[in-house]
Amino acid sequence: QVQLVESGGGLVQAGDSLRLSCAASGRTFSMYAMGWFRQAPGKEREFVAAIRRSSGITYSADSVKGRFTISRDNAKNTVYLQMNSLKPEDTAVYYCAASLNSGSYYREDKYHYWGQGTQVTVSS
């Protein structure tokens with residue numbers, strides 16, 4: 001089992017940057033593909049970005065391409081989401097998730113473990 005704890009959220013202004021971190025427990029972190037999702041008030045949770053287990057291949061939603069970067073450090077059991085050029089529409093609770101599956105990383109049902117979320121608020 002994996003426990004995930006997100007951190008790094010906060011209140012920022014449009015155009016600012018934030019880096020979210022997600023620390024995972026356990027010694028098998030490298031076995032999991034990792035993803036970031038977000039949920040804005042009144043909206044469904046949506047895919048943001050994902051990174052494969054060891055190849056480092058990443059995937060991003062069109063809405064964040066060129067602004068957000070996902071990365072991982074398997075030695076530290078941590079996945080990051082670097083968010084640049086933030087916009088008010090990026091305001092949401094951000095969740096990290098771990099998946100033992102391959103492929104379709106944009107689908108929530110592919111993920112086995114979820115963190116509790118961290119709030120990101122971007123003011124205009």
Side-chain angles (χ1 to χ4, degrees):
Q1 189 162 353
V2 175
Q3 291 185 324
L4 304 172
V5 179
E6 301 98 334
S7 61
L11 172 64
V12 297
Q13 293 187 331
D16 285 351
S17 297
L18 272 178
R19 188 175 80 156
L20 305 183
S21 299
C22 174
S25 65
R27 296 177 290 177
T28 58
F29 177 74
S30 61
M31 295 176 56
Y32 293 86
M34 299 298 296
W36 285 97
F37 289 76
R38 67 186 182 185
Q39 187 168 22
K43 295 187 177 181
E44 293 186 352
R45 191 156 55 184
E46 64 175 4
F47 170 75
V48 176
I51 186 166
R52 294 174 68 170
R53 293 176 186 79
S54 57
S55 66
I57 294 174
T58 62
Y59 308 85
S60 299
D62 288 343
S63 59
V64 305
K65 269 194 176 99
R67 300 189 299 123
F68 291 12
T69 302
I70 187 171
S71 62
R72 67 189 296 161
D73 185 336
N74 286 343
K76 295 183 178 180
N77 283 11
T78 302
V79 62
Y80 304 98
L81 185 68
Q82 178 66 45
M83 305 186 295
N84 299 329
S85 303
L86 282 160
K87 304 176 181 180
E89 51 264 43
D90 295 319
T91 294
V93 177
Y94 284 71
Y95 299 90
C96 73
S99 173
L100 283 171
N101 292 317
S102 297
S104 299
Y105 297 112
Y106 59 91
R107 288 175 52 177
E108 290 188 44
D109 62 350
K110 292 296 185 180
Y111 291 83
H112 299 83
Y113 304 104
W114 292 82
Q116 82 290 347
T118 185
Q119 176 71 47
V120 172
T121 303
V122 185
S123 64
S124 57

Out of curiosity, Glu44 CD to Arg38 CZ, how far, rounded to the nearest 0.5 Å?
14.0 Å
Looking only at non-hydrogen atoms, find the nearest pair between Ala49 and Leu81 and report the distance.
CB-CD1, 4.2 Å
Applied to residues 16-25, the side chain to side chain donor-acceptor pair (under 3.5 Å) test, sequence neighbours excluded, yields Ser17-Asn84
Would a single hydrophobic cluster contain both Val48 and Tyr80, if residues Ile, Leu, Val, Met, Phe, Trp and Tyr are joined by side-chain heavy-atom contacts under 4.5 Å?
no
With rounding to the nearest 0.5 angstrom, report the OG to CD distance, Ser123 to Gln13.
5.0 Å
Return the CG to CD distance between Leu11 and Gln119, rounded to the nearest 0.5 Å.
9.5 Å
Which heavy atom of Met34 sits nearest a heavy atom of Ile70, and at what distance?
O-CD1, 3.8 Å
Given the rule in the salt bridge (charged side-chain N to carboxylate O under 4.0 Å, His left out) test, do Lys87 and Asp90 qualify, once you have shown the distances and angles that lead to the verdict?
CA-CA 5 Å; Lys87 304 176 181 180; Asp90 295 319; over 6 Å; no
In this structure, CD of Glu6 is separated from SG of Cys96 (nearest 0.5 Å) by 4.0 Å
Closest non-hydrogen atoms of Lys110 and Ser99, given as atom of the first, atom of the second and distance, are O-OG, 2.6 Å
When every non-hydrogen atom of Leu4 is compared with those of Tyr113, the smallest separation belongs to CD1-O, 3.5 Å
Examine Met31 and Val2 and state if one hydrophobic cluster contains both, with Ile, Leu, Val, Met, Phe, Trp and Tyr joined whenever side-chain heavy atoms are less than 4.5 Å apart.
yes
Taking Tyr94's backbone N and O only, do any of them form a donor-acceptor pair with Thr118's side chain (distance below 3.5 Å, no angle check)?
no
Check Arg53 against Ser30 and note the closest heavy-atom contact, atom names and distance.
CB-O, 3.3 Å
Transitive ILVMFWY cluster of Ile57 at side-chain heavy atoms under 4.5 Å: who else is in it?
Phe37, Phe47, Tyr59, Val93, Tyr95, Tyr105, Tyr106, Tyr111, Trp114
Leu20 side chain near Met83 side chain, heavy-atom distance below 4.5 Å
yes
Is there a donor-acceptor contact under 3.5 Å from the side chain of Arg67 to the main chain of Ser63?
yes
Rounded to the nearest 0.5 Å, how far apart are CD1 of Ile51 and CH2 of Trp36?
12.0 Å
Does Lys76 NZ have over 12 foreign heavy atoms under 6.0 Å away?
no
Name all residues meeting the side chain to side chain donor-acceptor pair (under 3.5 Å) criterion together with Asn74; count only those two or more places apart in sequence or in a different chain, and write none if there are none.
Arg72
How far apart are the closest heavy atoms of Phe29 and Val79, and which atoms are they?
CZ-N, 4.1 Å
More than 12 heavy atoms from other groups under 6.0 Å of CD on Glu46
yes
